[in-house]
Amino acid sequence: MALVSYTISLHDNINRVFSGTQVQIPWAKLSRSQLLTLAAVLIALPSLWLRDLSSISFLSFGGVLMSLAIFASVACTGIFGGVKANHIIPVLQIQNIPAISGLYIFSYAGHIVFPNLYKAMKDPSKFTKVSIISFSLVTLLYSTLAFMGAKLYGPQVNPQITLSLPPHLIVTKIALWATVLTPMTKYALEFAPMAIQVEHNLPDYMSSRTKLIVRGTVGSFLLLVILALALSVPYFEYVLSLTGSLVSIAICVIFPCAFYLKICWSQISRPLLVLNFTLIAFGFVLGVFGTISSSKLLMQNLSRAH
């Protein structure tokens, strides 16, 4: 579902990048934006055939650079782009918490790739330090970007801030291209855990080349399925929120606490016990209400579209 959200983001921004460009295939009943998204996904497809996690991580690092480019573009818009940061930010809107909780928690749901990254590190002893630094920088980056978006555009801000930037600015074009390239750099890393598992489950008598073909074919097929889903449900914020509430809260909050209790039960002090059970209950409640809220909003938008 995370990759569906990435692909929706790719679709929305690539349409803006090539606005005014005519793209058409006579026998294909696809719009310009759909054809452009299909082309971008096909360009990214070969990355799913990579086996070396170091190469995949290096490719994903490009996504980090793209994120920094987006951040810098939004900052430049506020400083030099003529957009005044004069909107008032409400302190708290409790009624919106269920709908937006999934959006917040989604940003921290990278745990699925941690085991593979740990194994691929030259010095695994630095994993904890790297994780702390990474999460701290991500939190700072996201918080600052959210604050800038709210101050610059207020309630009218687009779910993807790049689509709110003034279209005539050079920094806007940089931000749009960066947003298009970001999903293309993340497909391989997000698919890596599943691809490794598929390869491990193949019979031992298969050659390394055959395993690579099977692995790449399965990944390519799934990416095309994800593309079809993204083009069918092009509502970025609602799909992202649903993913966060339905999946990410369990990955980030519920499962880590539950596994910690299971593994270290006899060594945990009473305060830690209470804390972990509280986090599990909080995550469960937030996940249930967030899933209901985001599902309702998604269905409403689908009903309007049809």
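Residues take their numbers from the sequence shown, with the count starting at 1. Nothing here was measured: the structure is a model prediction, and the numbers come from that model.
With contacts defined as side-chain heavy-atom distances shorter than 4.5 Å, the pair Leu273/Leu261 qualifies. Within the 4.5 Å cutoff, no side-chain heavy atoms of Tyr6 are placed close to those of Thr185.
Ring centers of Trp49 and Tyr187: at least 6.0 Å apart, outside the cut-off.
Around atom CZ of Phe127, more than 12 heavy atoms belonging to other residues, nucleotides or ligands sit under 6.0 Å away. Met299 CE: 12 or fewer foreign heavy atoms inside a 6.0 Å radius.
Interatomic distance, CG of Leu45 versus CE of Met184, reported as 10.5 Å (0.5 Å rounding). To the nearest 0.5 angstrom, Ser269 atom OG is 9.0 Å from Leu275 atom CG. Put simply, CG on Leu246 and CD1 on Ile292 are 11.0 Å apart, with the number rounded to the nearest 0.5 Å. Here the OG atom belonging to Ser143 is positioned 8.0 Å from the OH atom belonging to Tyr104, to the nearest 0.5 angstrom.
Put simply, the side chain of Ser164 gets close to the backbone of Asn158: a donor and an acceptor are under 3.5 Å apart. Of the possible polar contacts, none joining the Ser293 side chain to the Phe289 backbone as a donor-acceptor pair under 3.5 Å is found. Using modelled atom types, one side-chain atom of Thr139 and one backbone atom of Phe135 make a donor-acceptor pair closer than 3.5 Å. In this structure, the side chain of Ser73 engages the main chain of Val171 through a donor-acceptor pair within 3.5 Å. Looking only at distances, no side-chain donor or acceptor of Ser33 sits under 3.5 Å from a matching main-chain atom of His11.
Cluster annotation: Val138 is connected to Val130 through the hydrophobic network of ILVMFWY side chains, with a link wherever side-chain heavy atoms come within less than 4.5 Å.
Under the 4.0 Å criterion applied to side-chain N and carboxylate O atoms, Glu199 and Lys211 are not assigned as salt-bridge partners.
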